[in-house]
Amino acid sequence: MKRFCLVTLGLVAPAFLIAGIALLAAHIMENLVDGQIKEGTILKNNSEALKFWANPPIPLLLQVYFFNLTNPLEVLQGENPIVKEVGPYTYREWKSRRDIHILENGSKVSSFQPTTYYFVPELSVGDPEVDRIRTVNLPAVTAMNMARRTPFRFPAELLLLAYEEDMFTIHTVDEILWGYTDKFLKAVHKFFPGVDPVFGYFKQMNATDDGEYLMLTGENNYLDFTRVIEWNGKDKLDWWTTPSCNMINGTDGGTFHALLTKDETLYIFSTDFCRSIYLTFEEELTVLGIPTYRFTPPLAIFANSSVNPDNAGFCVPAGHCVGSGILNVTLCKQGAPIFLSLPHFFHADDKYVKSVDGMHPNKQKHDTFLDINPLTGVVVRANKRMQINVFVETIPEFIQTGSIKRMPYPVMFVNESFLLDDVNAGKLRAALLQSNLVQAVPFIMLALGIICGSVFLAVTYWPRGKKEEGTVDEQAPLIRT
């Protein structure tokens, strides 16, 4: 029996070692896990990936912070604005896709994604129906900019005076976000029916979608999972002045392909920014017990064209470039002089920070980031932050502008955040544990081979003890002659 066990160990040990080395060399278990993950991240009928993509079970949080102006008269006399940050006013943001159509043998999918917002009082600083904010009068500023060099300048000036429209206005949070009937716009609407008399920064966002998306399902290549190839029937934009800046690149920011690497550049097509943006690896983190890679926008994406020539196409009109950290999106906002930036002009030229008293840029509070599990491509945590500014300047033809400085005036900033819930985090941890166990099989076999081999060698070659020899007297015969 002992000999049988010894022979068995002698045969099993090299078998385990050979099998473990072979599995490692051929990456069999790793390829098996990768293949299962790739197969699981394809948008196809009745798949879990499609269900999660179509109806995400976890809402986003939209936090809005306003900059309340405290010295309007001084600003019109050429002094810097003094603003006080007020917020957050928090809304749950539910997204679901509708009119989903799988196309071209499962390689493409089209859909719309309406969004609905619900106010969350327990996560807010006040009542949006009551709290009032003094800020720039965007309808008036837009009208002055559009009419200043046209035959409509004088009628616009008369209407602004008649309705006592000033450079700054006071409205409730609800009105600024979701809309109010503006007296000036209502009067213009009588002559130009295409002008909406109701104005609100997010008026067209609640219970509506931002257009039709055509994406790749990942059927042909896992790297193309949910990559946007058309938006509203177009495969490129027309707001910018170079082909590269008008490209539609990346996903919509909600999903990414599996098996991410640190040297990848993640592209996101954002209708909020009216362009495609990109993020690069920053650091490894653990979030909710899940390993993640953090991706953030690099400085180059916000840089002036003199620093990053690739950004020259975002200068509109061509050659009219603003400083670093600011994006002029007037063309994609129906002529409203909207300039976007990160909150508190984070990563922007210092002149913008100094132009407003109350700006305190901070990386932890104002940067944008995505924490993504690299194996599955699942977003575990995210914060997308954006500041809405209105470009203001003195317009001699309109007395309402006074002697105001030429600047992007900060109105508000938003933080759209996401954190994976406990249920889905638990499912992801379990899936990662299972994949780790599968990938650990070759190492387990190597360990077993080493253990069995060590036992075999020990039993076979361990020196046997010799009998201890006695002393001379002990070895002498009992009867001596």
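By convention here, the first residue in the shown sequence is residue 1.
- Under 3.5 Å, the side chains of Asn304 and Ser306 contain a donor-acceptor pair of N or O atoms.
- Remark: Lys384 does not engage Glu93 in a salt bridge, criterion side-chain N to carboxylate O under 4.0 Å.
- No donor-acceptor pair under 3.5 Å is formed between the side chain of His171 and the backbone N or O of Ile176.
- Side-chain rings of Tyr293 and Phe281 approach one another, their centers coming within less than 6.0 Å.
- One N or O on the side chain of Arg385 and one on the backbone of Lys365 form a donor-acceptor pair closer than 3.5 Å.
- There is no side-chain donor-acceptor pair under 3.5 Å between Asp367 and Thr296.
- The ring of Tyr91 has its center no closer than 6.0 angstrom to the ring center of Phe202.
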I'd like to know whether Glu393 forms a salt bridge (charged side-chain N to carboxylate O under 4.0 Å, His left out) with Arg148, so could you lay out the CA-CA distance, the side-chain angles of the two residues, the decisive distance to 0.1 Å, and finally the verdict.
CA-CA 12 Å; Glu393 62 179 331; Arg148 62 192 298 184; 3.0 Å; yes
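- Environment of CG in Asp422: sparse, with no more than 12 heavy atoms of neighbouring residues, nucleotides or ligands closer than 6.0 Å.
- Using a 4.5 Å cut-off on side-chain heavy atoms (C-beta onward), Leu259 and Leu375 make contact.
- Nearest heavy-atom pair, Asn383 versus Ser417, reported as atom, atom and distance to 0.1 Å: OD1-CB, 3.3 Å.
- For Glu85 and His360, the side-chain atoms include no donor-acceptor pair closer than 3.5 Å.
- For Lys262 and Glu284, the salt-bridge test passes: some basic side-chain N is under 4.0 Å from an acidic carboxylate O.
- Shortest non-hydrogen contact noted between Val411 and Tyr201 is CG2-OH, 3.7 Å.
- By the 30° and 60° cut-offs, the orientation of the rings of Trp240 relative to Phe314 is perpendicular.
- A side-chain N or O of Tyr89 and one of Asp131 form a donor-acceptor pair less than 3.5 Å apart.
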Passes salt bridge (charged side-chain N to carboxylate O under 4.0 Å, His left out), Arg97 versus Asp252? Steps please.
CA-CA 13 Å; Arg97 298 185 187 273; Asp252 64 358; 2.6 Å; yes
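- Aromatic ring centroids of His347 and Tyr352 lie 6.0 Å or more apart.
- Contact of the Arg153 side chain with the Phe398 side chain is registered, since non-hydrogen atoms from C-beta on lie closer than 4.5 Å.
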